[in-house]
Asks: 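Please read through the structure below; I'll follow up with questions.
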Amino acid sequence: MAKHILVGISGGIAAYKTLTLIRLLVKNGYEVKVIATEHALQFVTPLTIETLSNNKLYVNMFEVNQERTTTHIALSQWADICLLAPATANIIGKIANGIADDALSTTLLAMNKPVFFAPAMNENMLNHFAVEHNIQVLKEKGYIEIQPKEGFLACQQNGKGRMAEPEEIFKVLDDYCSSVYKNMNIKALVTAGGTREPIDAVRYIGNSSTGLMGICIADVLADYGVKVDLVIGPSALQTTNKNVQRTNVQTAAQMLDVCQNKVDTADIVIMSAAVADYTPVYKFDKKLKKQEQNLQIQLQPTVDILKTLASNKKENQIFVGFALETDHEIENAKQKLHAKNLDFIVLNSLNDKGAGFETATNKVYIIDRNDTIENLPLQLKQDVAHHIVKRVLNEFQAKIKPQL
Ligand code: CTP
């Protein structure tokens, strides 16, 4: 369940930039609903807003909604935070003076959650005593201003009044939402990369996992203030985040050993490592010499680290596994989810182009304990990591129910 952001669009040319912002929010795992004023729809179309937000657009006050309650109340209750972008002089003036004459202004009066606003207007309007006063009123009442910037304005002049760029607004909202987790002292154990099972002094059984997916997950968790223990098989990739404590291992047995020592203090366990399922029964100390006849290497199963640790799962711990499948993907992944006692399983299908090992991208399905499947688009592993981490942190937050 993503964090809910209610976006209010009022009638200014900067509304076109709000579309990019909505896209960024959705891409990063937020659920977005939009209320637009009639004037806003002179600049951007309902179809674009609904397509990007993946939700119905609200414009009309008197539309009956499914919850059979008044729309403005339902939306204000649904939202965790609200953003007004662009915030025109008109909507700022209405809110500062308690005027509620359309869906957006009425919903804002009913909101008792944090409201961010990004003013956008001509410089003279911005400097008008009434607008200055109204902005001040909003700020004094706890609204958070995302300040307009200097630059080229729609009125063909240079000056202050350009709405902040979508990336900046996104960062303000994302930082705000993630700061909720920063003070919670959350710990995570993440595994990444492939293991190497030695055959002799120089040869091993391994796989081509680079560790990138797991490193991205560790980095995103760390950005949220989570203290991460990363246990990783041989990988050329670096980790620099100071919240990530890295332990390098070679074999499945070593990975098990390290994880067993760290699992008790972890709130979240995410195992993305491609652990070898078999290891040679004998390891030759020296390099094996070439011989004429066939060489047989006897293999024995390794311990399933995830299954072993999750079988002792504590009440508030969250366990996430990965599944790499080539056929009956969903069925196999669901089976692993339940057999290993997990909260989520992240499925990679090798039939999806751009998914799996040695790519910068991934295409995954996230399946939860109720067998609900979230089908994510092909995207960079960093973005996939964001999505997984948001789901997990939301689940964690719901389990321990702290105050927002
Ligand atoms: N896993 C593990 N220890 C192992 C094998 C797998 O911790 N010895 C974890 C992986 O890190 C992953 C999940 O279990 O999170 C599923 O791994 P996968 O290889 O897809 O499944 P297996 O259970 O090994 O089954 P199979 O290889 O038969 O598909």
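Both counts, for ligands and for their atoms, begin at 1 and track the order of listing.
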Asks: Is ligand 1 under 4.0 Å from a heavy atom in the side chain of K336, in the backbone, in both, or in neither?
Replies: side chain
Asks: Could you tell me whether S272 and ligand 1 have an N or O pair separated by under 3.5 Å?
Replies: no
Asks: Is there any N or O on V275 that sits under 3.5 Å from an N or O of ligand 1?
Replies: no
Asks: Test of understanding: given a 4.0 Å heavy-atom threshold, classify the contact between T302 and ligand 1 as side chain, backbone, both, or neither.
Replies: side chain
Asks: Could you tell me whether Q245 atom CD has more than 12 heavy atoms of other residues or ligands within 6.0 Å of it?
Replies: no
Asks: How about F117 and I92: do any of their side-chain heavy atoms sit closer than 4.5 Å?
Replies: yes
Asks: Give a yes/no verdict on whether any heavy atom in A273 is under 4.0 Å from an atom of ligand 1.
Replies: yes
Asks: A cation-pi test, strictly: NZ or CZ of K56 under 6.0 Å from the centre of the six-membered ring of Y58 and no more than 45 degrees from its axis. Yes or no?
Replies: yes
Asks: How far is atom 12 (C) of ligand 1 from its nearest protein heavy atom, and which residue and atom is that?
Replies: F322 O, 3.0 Å
Asks: D277 to ligand 1: N or O pair under 3.5 Å?
Replies: yes
Asks: Between K33 and S53 (side chain of the first, backbone of the second, donor and acceptor by atom type, cut-off under 3.5 Å), is there such a pair?
Replies: no
Asks: Taking the side chain as C-beta and beyond, is there a heavy-atom pair between Q147 and P119 under 4.5 Å?
Replies: no
Asks: Check the side chains of N90 and H39 for a donor-acceptor pair under 3.5 angstrom, ignoring hydrogens and angles.
Replies: no
Asks: Is ligand 1 less than 4.0 angstrom away from at least one heavy atom of N332?
Replies: no
Asks: Among protein heavy atoms, which sits nearest to atom 1 (N) of ligand 1, and what does the distance come to when rounded to 0.1 Å?
Replies: D304 OD1, 3.8 Å
Asks: Which protein heavy atom lies closest to atom 7 (O) of ligand 1, and at what distance to 0.1 Å?
Replies: L306 N, 2.9 Å
Asks: In the protein, what heavy atom is nearest to atom 14 (O) of ligand 1, and what distance, to one decimal place, separates them?
Replies: K340 NZ, 2.9 Å
Asks: Among the heavy atoms of M255, does any lie under 4.0 Å from an atom of ligand 1?
Replies: no
Asks: If we ignore angles and hydrogens, is there a donor and acceptor under 3.5 Å between the side chains of N241 and D223?
Replies: yes
Asks: Test K17 against every option in E165, E167, E168 by the salt bridge (charged side-chain N to carboxylate O under 4.0 Å, His left out) rule and name the one that passes.
Replies: E165
Asks: Is there any N or O on V303 that sits under 3.5 Å from an N or O of ligand 1?
Replies: yes
